[in-house]
Number of protein chains: 2
Amino acid sequence: MESEERLKNSGLKTTKSRKAILDILIRSDQPMAAEQIFLVLKEEQIAINLSTVYRTLESLENKDLVTKISILDDDRMLFEYNQLGHRHYLVCISCKKIITVQNCPLGTYEKTLEDETHFNIIGHKLYLYGNCEDCQMKNASN
Amino acid sequence: MESEERLKNSGLKTTKSRKAILDILIRSDQPMAAEQIFLVLKEEQIAINLSTVYRTLESLENKDLVTKISILDDDRMLFEYNQLGHRHYLVCISCKKIITVQNCPLGTYEKTLEDETHFNIIGHKLYLYGNCEDCQMKNASN
DNA sequence: TTTTAAATGCAAATGATTTGCATTTGCAAA
DNA sequence: TTTGCAAATGCAAATCATTTGCATTTAAAA
Ligand SMILES: [Mn+2]
Ligand SMILES: [Mn+2]
Ligand SMILES: [Zn+2]
Ligand SMILES: [Zn+2]
């Protein structure tokens, strides 16, 4: 399966924990918090310590199998399977649904900024916030 | 002074703490963490409890005098005096210097995304990362 | 198999931020 | 000016996501 492939290539040992956690992230269409992952594991009757979840996510992030992002207003970090390099996030401020966006409009902007600031720009994070269609309708009917 | 004006208009009581904290942020060319502000206060011989610093920053944020941002990779929040509405941040990943950028290239992109996703987009956060001129030179001479 | 570095479980620590409560203070009304 | 009181503050303790130390287990190379 995909997770075993990617673990093998990464140089990390293929452990039950890592496979289970990576599988969960591969299946998820949403970035997930460490504790959410921990709860899904519990549902699947897979007993993995929460600190191991954190350590696993850190390893996966170091190998670029997983991306760690800070989107929500609380202080939890979210983790997402890293299938595609660059991406942006569109977050519904009502229901917290997150949509991942591939298209990036910032290429020429970065060039301009480099000229202006003499920074060497390596990357960026773009988070867009709003209300999803569902939440717009719910809000309207109040 | 500017801080007293803005406090008066905000409806918040003009206390010694609030004036001192807002003054520090007005003077700073960098977003600051709560504890940094606390330390500057100490240098100025102004004894304000750290929890009061946090509560003050929260009040100032609620009144839109201050903006709270999460840029650094650690879990500290930064606070910045809110002179200008919309802005972006260019962060040096070596020395952590932060440059605030006014220009925003995302107007038409937001429109496009709204059409694609049926979200009602309210705002966005854009953080750019790279190496500042100084750090590029330091890195080169290694 | 044997060997050993890496991975894990468990409990305790961390550290930024928040909160409960007693006391103080800004400021509007008298 | 003085008074009354809601708002602000200090202090200590609580929170809570995340990290860490250490003893034990395990993947996988030889
Ligand atoms: Mn982009
Ligand atoms: Mn913008
Ligand atoms: Zn929604
Ligand atoms: Zn720098």
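First the proteins, then the strands, lettered A, B, ... as listed; each starts at 1.
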Consider side chain to side chain donor-acceptor pair (under 3.5 Å). Of A:H124, A:K125, A:Q102, which one does A:H88 pass it with?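 Checked A:H124, A:K125, A:Q102 against A:H88; only one passes side chain to side chain donor-acceptor pair (under 3.5 Å): A:H124.
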For A:L50 and A:A34, work out which heavy atoms get closest and say how close.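 Minimum heavy-atom separation between A:L50 and A:A34: CD1-O, 4.3 Å.
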For residues 11-22 of chain B, which residue pairs pass the salt bridge (Lys or Arg N to Asp or Glu O under 4.0 Å) check, not counting sequence neighbours?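 For residues 11-22 of chain B, and leaving out neighbouring residues, the salt bridge (Lys or Arg N to Asp or Glu O under 4.0 Å) pairs sorted by first residue read B:K19-B:D23.
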Give every residue pair that meets the salt bridge (Lys or Arg N to Asp or Glu O under 4.0 Å) criterion with at least one member in residues 31-46 of chain B, sequence neighbours excluded.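 For residues 31-46 of chain B: B:R27-B:E44.
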Under 3.5 Å, which protein N or O atoms sit close to an N or O of nucleotides 10-14 of chain C? Give each pair with its distance.
from, atom 1, to, atom 2, distance (Å)
C:dC10, N4, A:S51, OG, 3.3
C:dC10, N4, A:R55, NH2, 3.3

What parts of residues 11-24 of chain B reach DNA chain D, counting only heavy atoms under 4.0 Å away?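 Correct list: B:L12, B:K13, B:T15, B:S17, B:R18.
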Give the angle between the helix axes at the two ends of the helix from C:dT1-D:dA30 to C:dA30-D:dT1, taking five base pairs at each end and rounding to 10°.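 The two end axes of the helix from C:dT1-D:dA30 to C:dA30-D:dT1 meet at 40°.
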Could you tell me how the ring of B:Y127 sits relative to the ring of A:Y127: parallel (under 30°), tilted (30 to 60°) or perpendicular (over 60°)?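 Aromatic pair B:Y127/A:Y127 classed perpendicular.
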Phosphate OP1/OP2 of C:dT18: any B:Y54 side-chain N/O under 4.0 Å: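 So the side chain of B:Y54 is outside the cut-off, no N or O lying under 4.0 Å from OP1 or OP2 of C:dT18.
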Under 4.0 Å between a side-chain N or O of B:T56 and OP1 or OP2 of D:dT9?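 Checking D:dT9 against B:T56, a side-chain N or O does come within under 4.0 Å of OP1 or OP2.
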With a 4.0 Å cut-off on heavy atoms, is B:A33 in touch with a base, just the backbone sugar-phosphate, or nothing at all?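 Nothing, no nucleic acid heavy atom in range.
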Nearest whole Å is fine: how far is C:dA16 P from B:L50 CG?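 In whole Å, C:dA16 P and B:L50 CG are 9 Å from each other.
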Separation of atom CD1 in A:I46 from atom C1' in C:dT8, rounded to whole Å: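 Distance check: A:I46 CD1 to C:dT8 C1' gives 15 Å.
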Side chains of B:E2 and B:Y81: is there a donor and an acceptor less than 3.5 Å apart?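 Side chains of B:E2 and B:Y81: pair found under 3.5 Å.
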Not counting sequence neighbours, which residues clear salt bridge (charged side-chain N to carboxylate O under 4.0 Å, His left out) with A:E80? List them please.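 For A:E80, the residues satisfying salt bridge (charged side-chain N to carboxylate O under 4.0 Å, His left out) (neighbours in sequence not counted) are A:R87.
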